[in-house]
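In what follows, a single structure is set out as structure tokens and then discussed.
We name chains A, B, ... by the order of the sequence lines, and we start the count at 1 in each one. None of the values given here were measured: they were computed from a predicted structure. Both backbone and side-chain heavy atoms feed into the values below; hydrogens, waters and symmetry mates do not.
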2 protein chains.
Amino acid sequence: MADSSFPDHSDPTVPRGSDKKASRNYPRPIVAVDTALLTTCPKRGLVVMQMWRDDIGKWALPGAFVRQGETLAQAVERCLRDKLGVQNIRPRQLHVLDDPHRDHRDWVISVAHVAVVRPDQLEALGCGVAGETRLASVDRPGDLAWDHPEIVRRAKTDVRERYETHPDPDRLLGPRFTLTELRGVHEAVAGEQFGRDRFRRAMEDKVEGTGMIEETGARGRPAELFRRKSLTSAAP
Amino acid sequence: MADSSFPDHSDPTVPRGSDKKASRNYPRPIVAVDTALLTTCPKRGLVVMQMWRDDIGKWALPGAFVRQGETLAQAVERCLRDKLGVQNIRPRQLHVLDDPHRDHRDWVISVAHVAVVRPDQLEALGCGVAGETRLASVDRPGDLAWDHPEIVRRAKTDVRERYETHPDPDRLLGPRFTLTELRGVHEAVAGEQFGRDRFRRAMEDKVEGTGMIEETGARGRPAELFRRKSLTSAAP
DNA sequence: CAAATAGTGTCTCTTAGACAGTATTTG
DNA sequence: CAAATACTGTCTAAGAGACACTATTTG
């Protein structure tokens, strides 16, 4: 918490006096949230959602201004729900973009976020709910407005780093999954193939078997279903 | 950048109309920066600077409100310079603390930062420049105001993680140093002893020898001086 | 049984860490 | 030369990765 009772009298733009109400007269920025909404495509790997902006003639990430009484995460949820119909997201904060002149119209700082959702959660987007949208690979996001390329870069790094050390931390799969399904998700996120047994060894101590067997229609031995190891599991 | 030309008409607290100037009428938070100012003590390892706050009767981290036209990093620099006389810092952004009710007096969000400085840069603090201050171990920071314990926790994690993989990234040492000096700094940051040869092997590919030899007054073979390996060095 | 997929035993190569040696200085 | 500190060669144990083998299912 900063020091609202210590106004700096050497700065003429700051109101005088030690009255706590004086803080009301400080100039304040608009605080925005901008979100890299990611999902996986079987073909294209990790992709980012973008919206066409008629007013500036560019593609951009979905964003909104923070309102009084809400947290940044709530602003992200509201934005994605209202603009895109996407719900049940788990936003993560990345970084504050604070160039005072990043928007020529006003003093706007933006808190960049990332949210990863299952592909089916973006199904409604094709139906014109949200104006024109597109999905692009995080490695080639195309031409984006403002500092949004930096947000995509940070989002990509954040998600890939977390998937390197944890089994599907963003719940792209349900609570139970086969190791082959898990490997498919991790390969899509990383944009890289892993050896079958290598991946199994790496994940073995981070998941636990359920004893349940996959119901398969295909040929071959059916796989065991695993779940993420809970922190409260009994120690071995 | 958020969407200032898409005001949400379903919310009565938001002004109507697509006039870009309408964004001026949105309620805006005060944006603060609060900084965990860290240094190393030979005895106590990694310590954090705290200031006594008469108005709330608690110890707190130094903080300030962001002013129009300045970046968050500049606000941190101004705060530490004006309140503590500390200069030449390299602030790193950690996280935004955004509980709408974290300060009962007003809507204040805080961008937490961490800055690491050499011990001698805090020498002036004993001279009463800045009111009452204290240094406490980051592992036992004592009773701190507001959400400042969380800032210390994040700062500690951030610094220790970066020192695990890079040689003195925060420049607690000068441009040239012996491996024993480097190990001392890393042990102070980590709060843990490393084996002499183990540490040497781990750092060997991240520093480069200068050929220069330490000027020593003490007994024993003088050590070679090393420097951080620059990214533009010739590949082997 | 052939094909397909799941799961495991084992070998090798790399690497982290410890130990003990050599090297260079002061007193 | 003894003591102290810097540096280095080598052994060992643990881990990553590749390969090949076994197991279980469908057609």
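Put simply, the side chain of Thr210(B) gets close to the backbone of Met212(B): a donor and an acceptor are under 3.5 Å apart. Side chain of Glu208(B) to main chain of Arg227(B): no donor-acceptor pair is present (N/O by atom type, distance under 3.5 Å, no hydrogens or angles).
Axis deviation across the helix from dC1(C)-dG27(D) to dG27(C)-dC1(D) amounts to 10°, comparing end segments of five pairs, rounded to 10 degrees.
Atom CG of Asp197(B) and atom C1' of dA6(D) are 12 Å apart (whole Å). In this structure, Leu225(A) places its CG atom 12 Å from P of dA6(C), rounding to the nearest Å.
Proximity of residues 199-207 of chain B to DNA chain D (heavy atom under 4.0 angstrom from any strand atom) is restricted to Arg200(B), Arg201(B). Residues from residues 175-196 of chain B placing a heavy atom under 4.0 Å of any atom in DNA chain C do not occur.
Checked against ring-ring contact (aromatic ring centres under 6.0 Å, His included), His186(B) has the following partners two or more places apart in sequence or in another chain: Tyr163(B), Phe199(B). For Ala136(B), the side-chain contact (heavy atoms from CB on, under 4.5 Å) partners are Gln50(B), not counting sequence neighbours.
Residues Ala223(B) and Arg198(A) each lie close to DNA chain D; by heavy-atom proximity, the contact nearer the 5' end of the strand is made by Ala223(B).
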Just by protein heavy atoms under 4.0 Å, how would nucleotides 22-27 of chain D read 5' to 3' in B, S and -? -BBBBS

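A side-chain hydrogen bond (donor to acceptor under 3.5 Å, both in side chains) with Asp168(B) is found for one member of Arg162(B), Arg228(B), Lys206(B) and no other, namely Arg228(B).
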